[in-house]
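Throughout, protein chains are lettered first and strands after them, A, B, ... in sequence-line order, and every chain is numbered starting at 1. These figures come from a predicted structure and were not determined experimentally.
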Protein chains: 2
Amino acid sequence: MNIGEVAERTGLPAKTIRYYEDIGLVTPAREANSYRVFSEIDAHKLQFLGRARALGFSIEDCRNLLALWEDQDRASADVRAIAQEHLDEIEAKIKGLTEMRNTLADLVQSCAGDKRPDCPILKGLEGP
Amino acid sequence: MNIGEVAERTGLPAKTIRYYEDIGLVTPAREANSYRVFSEIDAHKLQFLGRARALGFSIEDCRNLLALWEDQDRASADVRAIAQEHLDEIEAKIKGLTEMRNTLADLVQSCAGDKRPDCPILKGLEGP
DNA sequence: CTTGACCTTCCCATAACTGGAACCCCTATG
DNA sequence: CATAGGGGTTCCAGTTATGGGAAGGTCAAG
């Protein structure tokens, strides 16, 4: 199938798929007219990539996961290590964002939000 | 004061401060030897920027907040609107990350993590 | 005088795309 | 048959907010 069809099937933009080819994540065949031809396997790989990216795995993580996915002899522990590491990163991000949110929510709460120039948010941003 | 001192005082890397000058967030004076000279006001602005960035405000948000900070006649509502919008963004991010974490935690949990090639994480990534 | 710590500008690189220009290919229609 | 449209192709540049490093000027101390 051509790039448009695989884009629709996987939900990935064509641009992104070309980019994934550029960096070697997929290697579709070519027709005589230089159009890319995607096999079912290519489409499946792209599906996999889309899901993994949606779960926040980096491209490099995806490359590793894809290699493991294609390796019939992989150990599930290898996959789990990548996923666990990523899980830890996500939890750290959530923690940081939650702190941010709390600080910011305090500032917003303390602000009257009226026409007066006095603003506790700006004061809060000046420093502790 | 020179860039090194202001960097130490604000906790921002000198590189970042030069970048902030580049994009017009601060405009330090220059000495005859072309060294930047930062006033107390410049240092205070950078402090403000550092805090706002640490709370995840984008550079453009910072630019707006800085303008409001310098405007004696601003209405606190203007500031609050920016902060509230950013707060909403942060909460959306937290929500998305939390969903990610839950999905991923399920996958990790279901994986034996041993030497067998059978891996539910990869299966989960293939699609629903 | 030299050493070392500063400072300067300039250019390149990151992650993961996205947009746009300029151009080729194929088919359907007036 | 010309053309309009909707594919496709490559390549180049831009995005965010810096970080790295080269090549070189400046300054205070020993």
Practice prompt. Could you tell me the separation between the CD atom of A/Glu21 and the C1' atom of C/dC17, rounded to a whole number of Å?
Written response: 16 Å
Worksheet item: Less than 4.0 Å between a side-chain N and a carboxylate O, is that true for B/Glu40 and B/Arg9?
Response: yes
Worksheet, complete the sentence: For nucleotides 16-26 of chain D, 5' to 3', base contacts (B), sugar-phosphate-only contacts (S) and non-contacts (-) with protein non-hydrogen atoms under 4.0 Å give -BBSBB---BB
Worksheet item: How sharply is the helix from C/dC1-D/dG30 to C/dG30-D/dC1 bent, taking the axes over five pairs at either end and rounding to 10 degrees?
Response: 40°
Worksheet item: Say you draw a straight line from CD1 of A/Ile121 to CG of B/Leu65; how long is it, rounded to the nearest 0.5 Å?
Response: 8.5 Å
Worksheet item: Rounding to a whole Å, what distance do you find between A/Phe38:CZ and D/dG7:C1'?
Response: 14 Å
Discussion item. Rounded to whole Å, how long is the line connecting atom CD1 of B/Ile17 with atom C1' of C/dC7?
Written reply: 13 Å
Worksheet item: Rounded to whole angstroms, how far apart are CD on B/Glu8 and P on C/dA5?
Response: 15 Å
Practice prompt. Please state how far atom CG in A/Asp22 lies from atom C1' in D/dC12, giving the value in whole angstrom units.
Written response: 13 Å
Item to complete: Sequence neighbours left out, what passes salt bridge (Lys or Arg N to Asp or Glu O under 4.0 Å) with A/Asp106? Give chain and number order.
Response: none
Worksheet item: In chain order, what residues pass the side-chain contact (heavy atoms from CB on, under 4.5 Å) check against A/Ser58, with sequence neighbours excluded?
Response: A/Glu60, A/Asp61
Item to complete: Could you grab the distance from atom OG1 of A/Thr16 to atom CD1 of A/Ile3, nearest 0.5 Å is fine?
Response: 9.5 Å
Discussion item. Does C/dT9 have its OP1 or OP2 closer than 4.0 Å to a side-chain nitrogen or oxygen of B/Arg30?
Written reply: yes
Discussion item. Over all strands shown, is B/Arg18 touching base, sugar-phosphate only, or nothing at heavy-atom distances under 4.0 angstrom?
Written reply: base
Practice prompt. Kindly write out the residues that satisfy ring-ring contact (aromatic ring centres under 6.0 Å, His included) with B/Phe48, not counting sequence neighbours, or none if the list is empty.
Written response: B/Trp69
Worksheet item: C/dT8 P sits how many Å from B/Glu31 CD, rounded?
Response: 9 Å
Worksheet item: Do the side chain of B/Arg74 and the main chain of B/Asp78 share a donor and acceptor less than 3.5 angstrom apart?
Response: no
Let me have the donor-acceptor pairs involving side chains of residues 24-38 of chain A, under 3.5 Å, with sequence neighbours excluded, atom names and distances please.
from    : atom 1 : to      : atom 2 : distance (Å)
A/Arg30 : NH1    : A/Ser34 : O      : 3.0
A/Arg30 : NH2    : A/Glu21 : OE1    : 3.4
A/Arg30 : NH2    : A/Glu21 : OE2    : 3.3
A/Asn33 : OD1    : A/Tyr35 : N      : 3.1
A/Arg36 : NE     : A/Glu21 : OE1    : 2.4
A/Arg36 : NH2    : A/Glu21 : OE1    : 3.2

Discussion item. Tell me whether the side-chain N/O atoms of A/Arg36 come closer than 4.0 Å to OP1 or OP2 in D/dG8.
Written reply: no
Discussion item. Just the rounded figure in Å: distance from P of C/dA16 to CD1 of A/Ile23.
Written reply: 8 Å
Fill in: Heavy-atom side-chain contact between A/Asp42 and A/Tyr20 under 4.5 Å
no
Discussion item. Using a 4.0 Å heavy-atom cut-off, does A/Ile3 contact any base of the nucleic acid, only the sugar-phosphate backbone, or nothing at all?
Written reply: sugar-phosphate
